[in-house]
Amino acid sequence: MNEVIASYGGRVVTLPIEPNPYRILWRAKAPGGLSGAGFAWELIYSLMLTVGTGLIFQKLAHRNPVTTVTAPLRFGWLLPIARQVEAGSHVVIGYVLTTMGHDGAWIAYEGIVRRLALNDDDAIEMIVLEQCDRFVVRLVDGKVERVDTEGQTIELIQLRNDQVANYALEVLEVAAT
């Protein structure tokens, strides 16, 4: 505050101690007019001020006026689906056809969508499925045929956009419990 007052040509108040804890840390020793306990209290005060400011701004960032502006930017075309999932009334099932081939067919996965990441063009960049099943997709006589394979349920799988040929999302309503 003294520096601001002095920059406008005001009267400068001389303090018996250095009020800037960072200058004290830079010098690596406590000044003569300040005890070690006083210095410790100054650091605790600075820490509490930082934490308090962070908590206040966290509360402000989660207020409805802020989230109504940021949610469309964050979720894009997925916003209606994200709101239904957040409310707990719906679950999203993802079907992912990969670029990995197997005996003239393509490997695909079906599972609960755990996470989606969109790129700047609002295209799916990455998808994470949980409790998913692996199956094979074949083209037989111009028709798509699903061939289920035996195996254990995959707990969690993450697929990047370059590993995926196509996506399909199905939004299912969850029965109220």
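Counting from 1, the numbers follow the sequence of the chain as shown. Here the structure is a predicted model, which means the values were calculated and not measured. When reading the values below, keep in mind they use all heavy atoms of this one structure, side chains included, and skip hydrogens, waters and symmetry mates.
Here the closest non-hydrogen pair linking Gly111 and Cys132 is CA-CB, 3.6 Å. Contact record, Leu97 with Trp106: CD1-CB, 3.5 Å, taken as the closest heavy-atom pair.
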Donor-acceptor pairs under 3.5 angstrom involving side-chain atoms of residues 164-171: please list them, not counting sequence neighbours.
residue : atom : partner : partner atom : Å
Glu170  : OE1  : Tyr95   : OH           : 2.8

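Under the 4.5 Å side-chain contact rule for hydrophobic residues, Val144 and Val136 do not share a cluster. One hydrophobic cluster, built from ILVMFWY side chains closer than 4.5 Å, cannot hold both Leu156 and Leu116; they sit in different ones. Under the 4.5 Å side-chain heavy-atom criterion for grouping Ile, Leu, Val, Met, Phe, Trp and Tyr, Val113 is connected to Leu118 within one hydrophobic cluster. Val174 and Leu172 fall within the same hydrophobic cluster, where Ile, Leu, Val, Met, Phe, Trp and Tyr residues are linked whenever their side-chain heavy atoms come under 4.5 Å apart, directly or through other members. No continuous path of ILVMFWY side-chain contacts below 4.5 Å connects Val137 to Ile127, so the two sit in separate hydrophobic clusters.
Ile56 pairs by the side-chain contact (heavy atoms from CB on, under 4.5 Å) definition with Leu60, not counting sequence neighbours. For the side-chain contact (heavy atoms from CB on, under 4.5 Å) test, residues two or more places apart in sequence or in another chain that qualify with Gln58 are Leu55, His62. Under the rule for a side-chain contact (heavy atoms from CB on, under 4.5 Å), the partners of Thr153 that lie at least two apart in sequence or sit in another chain are Gln131, Asp133. Partners of Asp141 according to the side chain to side chain donor-acceptor pair (under 3.5 Å) rule, which considers only residues two or more places apart in sequence or in another chain, do not exist here.
In this structure, the separation between CD1 on Ile107 and OG1 on Thr98 is 5.5 Å, given to the nearest 0.5 Å. Interatomic distance, His90 NE2 to Glu173 CD, rounded to the nearest 0.5 Å: 4.5 Å. The distance from the CE atom of Met126 to the CD atom of Gln158 is 5.0 Å, given to the nearest 0.5 Å. One finds the CD1 atom of Ile154 at 9.0 Å from the CG atom of Leu129 (value rounded to the nearest 0.5 Å).
Sequence neighbours left out, the pairs with a member in residues 108-121 that pass side chain to side chain donor-acceptor pair (under 3.5 Å) are Glu110-Arg146, Asn119-Glu125.
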